[in-house]
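The figures here come from the full heavy-atom set of this structure, side chains too, leaving out hydrogens, waters and symmetry mates.
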Amino acid sequence: MKSNKVTIQINRSVAEVFAFTINPKNTSLWIETLVKEETNEWLVKVGTVYRNQNKKGEWSEYTVSTIQENEIFEMVSKDKNYHVRYTYKAIDDRTSELEYFEWVDKGELEKPFTLDTLKKLKVVMER
């Protein structure tokens, strides 16, 4: 599989979903494979570096390639092969749709994101 797309509706405003998902302090609350995430700067902009650590203690690094508040957030891996794009769409004032799209230029996706991961995000955000 070279690409993967999963979508979910969350009962929160698009601004809330955007702010929550770009904040590295929240990542381990909904992505179970990660224990920690940090950025090299705040506020996030094109060029900001996100680093995350998995449960094995291994670090990965991604650079923000596109960011448009409440619309799109895209990162590329340090080796420039893996890409991930979050697309945010307001359904109404209190409901949003989040599309998570990931792809690789070469090879196959190693651990494609699942709908279960986005369901966890939905649960965490709707509490």
Side-chain angles (χ1 to χ4, degrees):
M1 177 186 311
K2 287 189 97 46
S3 67
N4 178 45
K5 184 188 296 186
V6 287
T7 306
I8 198 161
Q9 284 191 5
I10 299 173
N11 295 317
R12 289 282 180 247
S13 72
V14 74
E16 289 174 286
V17 176
F18 180 83
F20 188 89
T21 55
I22 70 164
N23 187 332
K25 293 176 182 168
N26 297 328
T27 306
S28 63
L29 300 176
W30 63 281
I31 301 178
E32 292 183 358
T33 58
L34 299 180
V35 294
K36 181 180 184 178
E37 185 168 66
E38 58 193 33
T39 58
N40 68 327
E41 61 189 349
W42 194 260
L43 297 168
V44 175
K45 62 184 187 282
V46 170
T48 296
V49 176
Y50 278 75
R51 293 182 65 226
N52 58 47
Q53 185 181 36
N54 66 22
K55 290 182 176 180
K56 296 177 186 173
E58 301 164 329
W59 286 90
S60 298
E61 199 170 283
Y62 307 89
T63 302
V64 176
S65 54
T66 306
I67 187 166
Q68 294 172 8
E69 189 172 2
N70 303 335
E71 293 180 25
I72 191 167
F73 176 61
E74 187 173 309
M75 297 186 293
V76 61
S77 62
K78 191 174 184 178
D79 68 3
K80 308 254 190 280
N81 187 52
Y82 174 83
H83 308 262
V84 60
R85 179 186 307 133
Y86 295 75
T87 305
Y88 306 84
K89 188 167 77 176
I91 304 298
D92 58 38
D93 290 347
R94 295 181 300 196
T95 310
S96 306
E97 181 179 275
L98 173 64
E99 177 188 282
Y100 182 96
F101 180 61
E102 61 184 338
W103 73 97
V104 290
D105 295 326
K106 297 179 201 148
E108 301 287 320
L109 284 171
E110 289 180 23
K111 296 176 189 139
F113 232 57
T114 65
L115 183 56
D116 285 343
T117 304
L118 288 188
K119 284 179 181 176
K120 175 105 189 238
L121 172 63
K122 178 180 173 73
V123 167
V124 169
M125 286 207 69
E126 291 179 357
R127 270 194 222 150

Okay, side chain of Thr33, backbone of Asn54: is any donor-acceptor separation there less than 3.5 Å? no
With side chains defined as the heavy atoms from C-beta onward, is the minimum distance between Trp30 and Val123 less than 4.5 Å? no
Check the hydrophobic clustering (I, L, V, M, F, W, Y; side-chain heavy atoms under 4.5 Å; chains of links allowed) and say if Phe113 and Ile72 are grouped together. no
Thr21 versus Tyr88, side-chain donor and acceptor atoms under 3.5 Å: yes
Do Thr114 and Val6 have side-chain heavy atoms sitting under 4.5 Å apart? no
Would a distance-only check, ignoring hydrogens and angles, find a side-chain to backbone donor-acceptor pair under 3.5 Å from Tyr50 to Ile22? yes
Angle class for the Tyr86/Phe73 ring planes (parallel below 30°, perpendicular above 60°, tilted otherwise)? tilted
Check whether Lys55 reaches the backbone of Val35 with its side chain - one donor and one acceptor, N or O, closer than 3.5 Å. no
When clusters are formed by joining ILVMFWY residues with side-chain heavy atoms under 4.5 Å apart, either directly or through shared neighbours, do Val14 and Val124 land in the same one? yes
What residues join Trp103 in its hydrophobic cluster, counting side-chain heavy atom gaps under 4.5 Å, either direct or through other members? Phe101
Please indicate whether Glu32 has more than 12 foreign heavy atoms, meaning atoms of other residues, nucleotides or ligands, lying under 6.0 Å from its CD. no
Checking side-chain contact (heavy atoms from CB on, under 4.5 Å) against Tyr62, which of Val49, Thr39, Thr48, Asn52 comes through? Asn52
Any Ile8 side-chain heavy atom under 4.5 Å of Tyr100 side chain: no
Do Gln9 and Ile91 come close enough that some side-chain heavy atom pair is under 4.5 Å? yes
Heavy-atom side-chain proximity of Asn26 to Glu37 below 4.5 angstrom: no
By side-chain contact (heavy atoms from CB on, under 4.5 Å) - contacts of Glu110 (at least two apart): none
Let me check something: do Val76 and Leu34 share a hydrophobic cluster, defined by ILVMFWY side-chain heavy atoms less than 4.5 Å apart, either directly or through other members? no
Tell me if the NZ atom of Lys89 is crowded by more than 12 foreign heavy atoms within 6.0 Å. no
